[in-house]
Amino acid sequence: MLSEVSSRLVDVSARGLAEAVGRAVGDGALPAGSKLPPVRRVAAELHMSPTTVSAAWQLLRRSGTIRTDGRRGTVVASSRADGPGRYRAALRGRSGFALDLSTGVPDPLLLPALPALAGLSPAPTSYLDEPVLPELAALLRDNWPYAADRLAVFDGAMDAIDHVASHLLRIGDRAVVENPCFPPLLDLLESLGVQPVPAGTDAEGMLPAALQSALAQRPTAVFLQPRALNPTGASWSPGRATSLAAVLAQTPQVYAVEDDSAGDVSSAPLHSLGAHLPRQTIHVRSFSKSHGPDLRLAAVSAPAAVLDPILERRLLGQGWTSRLLQHLLLTLLTDPASIAAVRTAKVEYARRRHLVVSALRRLGLALPPGDGLNVWLPVIDEQAALISLASNGIAAAAGTAFTVTPTAPHLRLTAGLIATDHDAIATHLAEAARTPSLAVAR
């Protein structure tokens, strides 16, 4: 093992050793699961100090190249986090960074202040009350992108998508997804025994031709994001929404599940398939990015034939989403200060993303304008780029976790968390993007 590393070692520093190990991993000389020798043995054989080797190992852990595996010690991690939990696996070890851009979470400083719960306590209610507060339902309908047949509130977007997918899909079914897309969706489909069918995307989201091709495999549902696609930031234009609707209209038995995950902090206008195909559309709007992830709230519209059985089944479990939290959301959606805070956050996220993308463009990396909190950064090699960023105290998420089938290597970075020093950080990102492949570098 050490001979493979030594032959690739060109710089006797912590970063040089980390890159040498990365090259050996990329070459296949150190396959996933390979156990690494103790630090002192590595130091002795490579004529390096144990402190340098420990620093290199730490850098490799932070980049996701190696991991600690209980009694087996330190081993080479898998290059791709397949199976349930791929997103959690992709982010494993991302701690202790000066700037963690791997998470996709909103900036806590841009969230509206929560009012005191004591003033929001609702009167005692019956277990048979409507699952959605009438006042909240009315407000949501006034701001919905189409006339919804049924409306409900769930414990976050993935909770809603879980209920919808579990109702619509059975083992052996197929479901069309964007490629790339949000990793927990892939985990969910796998847990249900459903085969994801990838459809390519561009700067305006899912490609109509790719959807047309995917529908030939007779899927039961299509999952897609109308704006601020996580991870790329793509948003539909009116023409793209119309084209996608025209393709789906040819298969009226297939439901489209829209995940508007960025919600009120998205700068792009919302175009929904529901405006064209209300009987085929299930629309999910999250309030996590705009009002707080820990609220665990999302609103859902769907045809009665879809949503009513889900709500009936839900009565046998959690029953409904807390009406106390619904009151809290209603307050946040109507309070002038909260409305202003969300509006400020939307502008600030757009500004931060624009500054990062513009700086990258000046450095020769042309990215589409996009929307939302994330940037989809093309790189030569994901592991090499992660190591480069880790050496500068920056964490990112490997793009492979977001893809169904292999695509060009990328990293997902949460540009919405870059509050200052945009040019300097963009310089580190550009350097990482251009770091040569660990599989071929010598």
Side-chain angles (χ1 to χ4, degrees), residues 15 18-19 22 25-26 59-66 77-82 86-95 97-105 178-184 186 201 203 228-234 352-353 355-361 363-418 421-422 424-439 441:
R15 179 169 176 175
E19 290 182 345
V25 172
L59 191 57
L60 288 164
R61 285 192 188 91
R62 296 172 76 188
S63 68
T65 305
I66 64 175
S78 172
S79 61
R80 182 184 177 103
D82 286 322
R86 71 178 68 205
Y87 191 44
R88 185 177 296 275
L91 302 184
R92 186 182 294 126
R94 303 295 197 269
S95 61
F97 286 87
L99 182 61
D100 189 352
L101 303 181
S102 69
T103 62
V105 300
E178 296 145 327
N179 195 34
C181 68
F182 190 43
L186 300 178
T201 66
L229 191 159
N230 187 352
T232 71
R352 293 178 183 182
R353 195 181 196 283
L355 289 174
V356 172
V357 170
S358 297
L360 288 171
R361 188 175 293 116
L363 293 167
L365 294 174
L367 275 66
D371 185 29
L373 276 63
N374 301 302
V375 167
W376 189 235
L377 180 70
V379 298
I380 294 175
D381 181 270
E382 289 181 6
Q383 285 300 318
L386 288 171
I387 290 173
S388 176
L389 288 177
S391 69
N392 289 297
I394 301 173
T400 49
F402 296 78
T403 59
V404 183
T405 56
T407 63
H410 285 78
L411 299 184
R412 192 201 67 174
L413 302 122
T414 308
L417 294 177
I418 305 176
D421 301 323
H422 300 88
I425 293 168
T427 299
H428 293 314
L429 299 182
E431 177 189 355
R434 296 190 174 106
T435 301
S437 172
L438 299 176

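Quick note: residue numbers are just sequence positions, from 1. The structure displayed is predicted, hence computed values, not measured ones. Computed over heavy atoms, backbone and side chain alike; hydrogens, waters and symmetry mates excluded.
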Which pair of heavy atoms, one from H428 and one from L389, lies closest together, and at what distance?
O-CD2, 3.7 Å
Check whether any side-chain heavy atom of L417 sits under 4.5 Å from a side-chain heavy atom of T103, and report yes or no.
yes
No-hydrogen, no-angle side-chain donor-acceptor test under 3.5 Å, T65 and Q383:
yes
Considering non-hydrogen atoms only, spot the tightest contact between I380 and R434 and give its length.
CD1-O, 3.4 Å
Can a side-chain donor-acceptor contact be found between T405 and N179 if the only test is distance below 3.5 angstrom?
yes
Note: A430 and L363 closest approach over all heavy atoms is CB-CD1, 3.8 Å
Under 3.5 Å: donor-acceptor pair, side chain of R353, backbone of N374
yes
Does the side chain of E178 come within less than 4.5 Å of T232's, by heavy atoms?
no
Check whether any side-chain heavy atom of T407 sits under 4.5 Å from a side-chain heavy atom of P180, and report yes or no.
no
Provide the closest heavy-atom pair for A415 versus V375 in the form atom of the first, atom of the second, distance.
CB-CG2, 3.6 Å
How close do F402 and P183 get, counting heavy atoms only, and between which atoms?
CD2-CD, 3.3 Å
Do V356 and I425 come close enough that some side-chain heavy atom pair is under 4.5 Å?
no
Interatomic spacing from CH2 in W376 to CG in L367 - rounded to 0.5 Å:
11.5 Å
Nearest non-hydrogen partners of S102 and R412, listed with the distance
O-NH2, 2.7 Å
Look only at the side chain of E382 and the backbone of P409, and say whether a donor-acceptor pair between them is shorter than 3.5 Å.
no
Distance col, row R352:CZ vs T414:OG1, nearest 0.5 angstrom, shows 11.5 Å
Please identify which of these residues, L377, L429, V379, meets the side-chain contact (heavy atoms from CB on, under 4.5 Å) condition with L365.
L377
Test side-chain contact (heavy atoms from CB on, under 4.5 Å) on S388 and R15 and set out the steps.
CA-CA 8 Å; S388 176; R15 179 169 176 175; 3.3 Å; yes
Please check if the side chain of D381 supplies one atom and the backbone of A384 the other of a donor-acceptor pair under 3.5 Å.
yes
Nearest-0.5 Å distance that lies between atom CG in L413 and atom CD1 in I394:
8.5 Å
Can any side-chain N or O of T403 pair as donor or acceptor with the backbone N or O of T400 at less than 3.5 Å?
yes
For E431, does its backbone N or O pair with a side-chain atom of T435 as donor and acceptor, under 3.5 Å?
yes
